[in-house]
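Reviewing the structure listed below.
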Protein chains: 2
Amino acid sequence: MLRLSKLTDYAVVVLVRLDAGTQVQTSPCIAATTGIPEPTVAKVLKSLSAAALVTSQRGARGGYRLARPLEDIPVGEVIAAMDGPITLAACVDGSVTECESLALCPVRGRWDPVNEAIQRALSAISLADMREAAIPAVFRVPPDADLVRVPRNAELGHSNASR
Amino acid sequence: MLRLSKLTDYAVVVLVRLDAGTQVQTSPCIAATTGIPEPTVAKVLKSLSAAALVTSQRGARGGYRLARPLEDIPVGEVIAAMDGPITLAACVDGSVTECESLALCPVRGRWDPVNEAIQRALSAISLADMREAAIPAVFRVPPDADLVRVPRNAELGHSNASR
DNA sequence: GGTAACCGGACCGTGTCAGTCCTGATTGAG
DNA sequence: CTCAATCAGGACTGACACGGTCCGGTTACC
Ligand code: FES
Ligand code: FES
């Protein structure tokens, strides 16, 4: 259904959450304030760090910090960081691979304009646009509260309640 | 990787192929001229028929025909016919379902503008645009040749040669 | 009536993905 | 100096959607 992976959605949530405050934030802290399971948050942060969207501080009192302001992060870049490059079909860009019966395919390489249009649309929207849009104040996290360190064994209450 | 399903790619191939000639074409015939396995072609045609993109003629000497000229078929409609409605995340449009921890999600419903941008990009490109683009003449199928009926047990030679 | 083609399902192997866990490497705090 | 907190990177597993195939039934031409 042309659906992006759930990890990408989490990445946007984490990045927006990371925007509050200038201090580094640990993955357990982010997990607690977003409701996402902690191992998953760690995984997302690692991918984001590999893509240079966040900077990491190792060691005790370490954590993550935004590498760039949200305004400079197009949503397409987040998708590319999590799900790999945006390629609708197997035969876009210069990749000649994959398509086995490419000698017969009449639309060989014809997905390129479509792919390009999507990439352009995804580059025009930044994470700030997604944050700025009208969100009920209830959902907003206070910028300075909840930034206290939470112990690793904090009760999150999301263990097996959903499914 | 934001990749669309292979069936959708096949659908575009089949639709472009169906544009040649005004007569109805059977699925074995299309399968032979495109190199796609015949049962798969039948499945694609069925989905396309359900979406009213092609019209079907039952009975002997039956087959499929384009319901509209290629110019009037945006590629987004084909994707919607094959992969369902275009919904990047689970929470777009009015669907409040799926998102379990929606009370915490800070980007609730914020994928809507992104989704909309993609839909607009996908609606602006028609199948004719994908066909018209420069395709080497070698890959073009002669418009009137190969339109002869092929028996169902024709040797296609794609059984296990590729993998 | 026979035959050729579509119709609408069900069916199953395979591959990808979400989620978890474990073992290091690094750095600040005590 | 020692320890604990935290990130880094990979391996592993179960769930699930997807690609692909097949079957009985129906419709229309010959
Ligand atoms: S889909 Fe790649 S050549 Fe046809
Ligand atoms: S992804 Fe749907 S509410 Fe967050």
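All chains are named by letter (A, B, ...) in the order of the sequence lines, taking the proteins before the strands, and each is independently numbered beginning at 1.
- Judged as a side chain to side chain donor-acceptor pair (under 3.5 Å), the pairs with a partner in residues 68-77 of chain B (not counting sequence neighbours) are, in order, B:Arg68-B:Glu77, B:Glu71-B:Arg131.
- Between the B:Thr34 side chain and the B:Ile30 main chain, a donor and an acceptor come within less than 3.5 Å of each other.
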Atom pairs and distances, donor-acceptor, side-chain atoms in residues 116-123 of chain A, under 3.5 Å, two or more places apart:
from	atom 1	to	atom 2	distance (Å)
A:Gln119	NE2	A:Ile86	O	3.4
A:Ser123	OG	A:Gln119	O	2.8

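- The side chain to side chain donor-acceptor pair (under 3.5 Å) analysis of residues 44-59 of chain B, with sequence neighbours excluded, yields no pairs.
- Distance OH (A:Tyr10) to C1' (C:dT20): 14 Å, rounded to an integer number of Å.
- The nearest whole Å value for the distance from the CD atom in A:Gln25 to the C1' atom in D:dA5 is 17 Å.
- Residues satisfying the side-chain contact (heavy atoms from CB on, under 4.5 Å) test with A:Pro39, not counting sequence neighbours, are A:Pro37.
- Within the 4.5 Å cutoff, the side chain of B:Met82 has heavy atoms near those of the B:Leu48 side chain.
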Just the table, please: protein N/O against nucleotides 28-30 of chain C N/O, every pair under 3.5 Å.
none

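- Taking the nucleotide of DNA chain C with the nearest heavy atom to each of B:Gly63 and A:Ser5, the more 5' of the two is matched to B:Gly63.
- The distance between atom CG of B:Leu4 and atom C1' of D:dA17, rounded to the nearest whole Å, is 15 Å.
- We find that CD of B:Glu38 is positioned 12 Å from C1' of C:dA4, with the value rounded to whole Å.
- Taking side-chain N and O atoms only, A:Ser56 has no distance below 4.0 Å to OP1 or OP2 of D:dT6.
- Side-chain atoms of B:Asp83 never come within 3.5 Å of backbone atoms of B:Ala80 as a donor-acceptor pair (strictly under, hydrogens ignored).
- Side-chain nitrogen and oxygen atoms of B:Ser27 include at least one within less than 4.0 Å of the OP1 or OP2 phosphate oxygen of C:dC6.
- A straight line from OH of B:Tyr64 to C1' of C:dA5 spans 9 Å, rounded to a whole angstrom.
- Within residues 42-52 of chain B, the residues approaching DNA chain D are B:Lys43, by heavy-atom distance under 4.0 Å.
- One can place CD1 of B:Ile36 at 16 Å from C1' of D:dT21, the figure rounded to the nearest angstrom.
- Residues satisfying the side chain to side chain donor-acceptor pair (under 3.5 Å) test with A:Ser27, not counting sequence neighbours, are none.
- In this structure, the NZ atom of B:Lys6 is 15 Å from the C1' atom of D:dT21, given to the nearest Å.
- Taking atom CG on A:Asp83 and atom C1' on C:dA18, their separation rounds to 12 Å, with Å as the unit.
- Listed by chain and number, the residues in a side chain to side chain donor-acceptor pair (under 3.5 Å) with B:Thr40 amount to none (sequence neighbours excluded).
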